[in-house]
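These notes are about the structure you will find just below.
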Protein chains: 2
Amino acid sequence: MITDHPEAKAFILHWGEMGTQWGVSRSVAQVHALLYLSDRPIDAEAIVDALGLARSNVSTALKELQGYGIVRRVHVEGDRRDHFVAETDLWEMLMRIVQERKKREIDPTIALLGELAERLRGDTTAPAQVRERVVRMHEFIGTLGTWYEQVRVLPKPTLVTLMKLGGKVARFIPKGKSG
Amino acid sequence: MITDHPEAKAFILHWGEMGTQWGVSRSVAQVHALLYLSDRPIDAEAIVDALGLARSNVSTALKELQGYGIVRRVHVEGDRRDHFVAETDLWEMLMRIVQERKKREIDPTIALLGELAERLRGDTTAPAQVRERVVRMHEFIGTLGTWYEQVRVLPKPTLVTLMKLGGKVARFIPKGKSG
DNA sequence: ACCTTATTTCAGATTTTACCGAAACACCAG
DNA sequence: CTGGTGTTTCGGTAAAATCTGAAATAAGGT
């Protein structure tokens with residue numbers, strides 16, 4: 001069992017703590033870490049044994065991870081039980097997590113800000129800077145969202161190149177261009 | 001008072017909820033939202049009145065926000081009380097938040113992964129894929145961190161241009177270049 | 001159809017976290 | 001020293017998130 005190895009165990013525990021700091025429950029993050037470290041599909045019962053969680057909790061965690069699209073169910077020959085594997089391509093994993101969080105939290109926020117900005121246009125009693133700053137926040141988050149939508153569809157090699165370029169990308173931008 | 005305006009109030013409440021989903025307490029996020037919407041420095045007592053929070057809670061929230069570097073204390077003429085203002089440049093704000101979270105959570109994670117990877121090099125009993133995946137995760141997060149450190153020091157106009165370019169940046173990257 | 005095994009659901013228990021309010025302490029200016 | 005202001009600490013409490021265990025449901029095999 002993977003959790004017999006102290007390093008693997010440490011990884012899983014740390015990953016769990018990370019999760020709590022980023023809005024994912026400890027269990028979910030731990031299950032993900034375990035699957036990430038495994039080279040073969042694992043069934044729910046084995047996850048229970050490895051992590052010491054309740055069966056129902058594992059079920060919920062798996063559902064959540066599948067919702068993020070970073071874990072999927074696979075069939076294993078000669079076994080009736082469902083087995084699960086994690087996405088091992090870390091770019092893919094990151095993109096999917098960001099994608100889902102954008103959908104769940106950012107998009108509704110943009111919608112709300114848009115609505116507030118609209119209402120403020122007709123509200124003469126509201127302080128000018130309130131209107132202005134709500135609008136600015138709306139535009140800012142919108143820009144980030146649009147940027148992400150464009151970047152995420154780039155071919156992975158391009159993405160890797162861009163990342164490795166780091167700040168040097170700036171060199172290749174023609175001066176004066178902005179759209 | 002800013003919170004008299006329904007749109008401002010809605011903004012503050014939503015911002016508070018957003019906070020809870022991203023690992024910041026509701027109070028901290030609300031105080032930040034209030035300061036962001038204000039065009040003048042606000043003292044702690046006024047924040048208490050506006051948001052209905054305990055004085056001690058506001059004090060803690062302000063400290064936290066100053067820790068992120070997105071709120072600072074200012075002196076107001078003829079008033080002995082401390083007043084506070086929020087960063088209104090959203091780029092600056094985002095960069096500082098990311099910077100701080102990197103420092104608090106990512107950097108320690110990289111350190112731990114590095115340590116685990118090192119230990120795994122000498123552990124012949126550990127499954128090969130465990131070693132490999134811990135190493136890959138270490139490298140991946142390290143790459144992201146390095147990328148961020150480089151991007152954050154770019155001049156703001158450059159940053160804005162890059163953002164607006166979106167996926168089009170890819171066009172300007174010479175083929176075959178990678179470092 | 002029936003028995004077996006797998007999975008999900010959900011009410012309640014547990015744990016964690018956030019928050020309040022009061023008290024203690026620190027600071028400064030008059 | 002005194003009064004105003006600010007921070008910190010901390011016990012108590014409330015709220016929220018998390019997890020459990022049992023019961024319900026679904027699926028599989030014979």
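Just so it is clear, the structure is predicted and the values come from calculations on it, not from any experiment. Below, read A as the first sequence line, B as the second, and so on, with proteins coming before strands; counting in each chain starts at 1.
Residue A:D82 is in sugar-phosphate contact alone, with no base atom involved, counting any heavy-atom pair closer than 4.0 Å across all strands shown. Within the nucleic acid shown, B:S25 comes within 4.0 Å of sugar-phosphate atoms alone, with no base atom in reach, counting heavy atoms only. Residue-level contact check: A:G52 touches the backbone only, with heavy atoms under 4.0 Å from sugar-phosphate atoms and none from bases.
Judged by distance alone with a 3.5 Å cut-off, no donor-acceptor contact links the side chain of B:S59 to the base of D:dG6.
Of the charged side-chain nitrogens involved, at least one lies within less than 4.0 Å of a carboxylate oxygen, so that A:R119 and A:E115 count as a salt-bridged pair. Checked for salt-bridge contact, B:R136 and B:E132 meet the test: a charged N lies under 4.0 Å from a carboxylate O.
For the pair B:R26 CZ and D:dA14 P, the interatomic distance rounds to 17 Å; values are reported in whole Å. Between the C1' atom of D:dT7 and the CD atom of B:E45 lies a distance of 14 Å, rounded to the nearest Å. Rounded to an integer number of Å, the gap from CD1 of B:I47 to P of D:dT7 is 10 Å. Rounded to an integer number of Å, the gap from B:N57 CG to D:dG6 C1' is 15 Å. Atom P of nucleotide C:dC20 and atom CZ of B:R55 are separated by 12 Å, given to the nearest angstrom. Separating the CZ atom of A:R81 from the C1' atom of D:dA26 is a distance of 17 Å, rounded to the nearest angstrom. Put simply, CG on A:L53 is 16 Å from C1' on C:dT7, counting in whole angstrom units. Regarding B:L62, its CG atom lies at a distance of 14 Å from the C1' atom of D:dT8, rounded to whole Å.
Under 4.0 angstrom from either OP1 or OP2 of D:dT18 there lies no side-chain N or O belonging to A:S27. Note on A:K63: every side-chain N or O is 4.0 Å or more away from OP1 and OP2 of C:dT7.
Side chain of A:Q129 to main chain of B:L37: a donor-acceptor pair is present (N/O by atom type, distance under 3.5 Å, no hydrogens or angles).
For A:Y36 and A:W15, the ring centers sit 6.0 Å or farther from each other.
Under the 4.5 Å side-chain criterion, counting only non-hydrogen atoms from C-beta, A:Y148 is not in contact with A:L144.
For A:H83 and A:T20, each mapped to the nucleotide of DNA chain C holding its nearest heavy atom, the one lying further toward the 5' end belongs to A:H83. The residue among A:V28 and A:R80 whose nearest nucleotide of DNA chain D lies closer to the 5′ end is A:V28.
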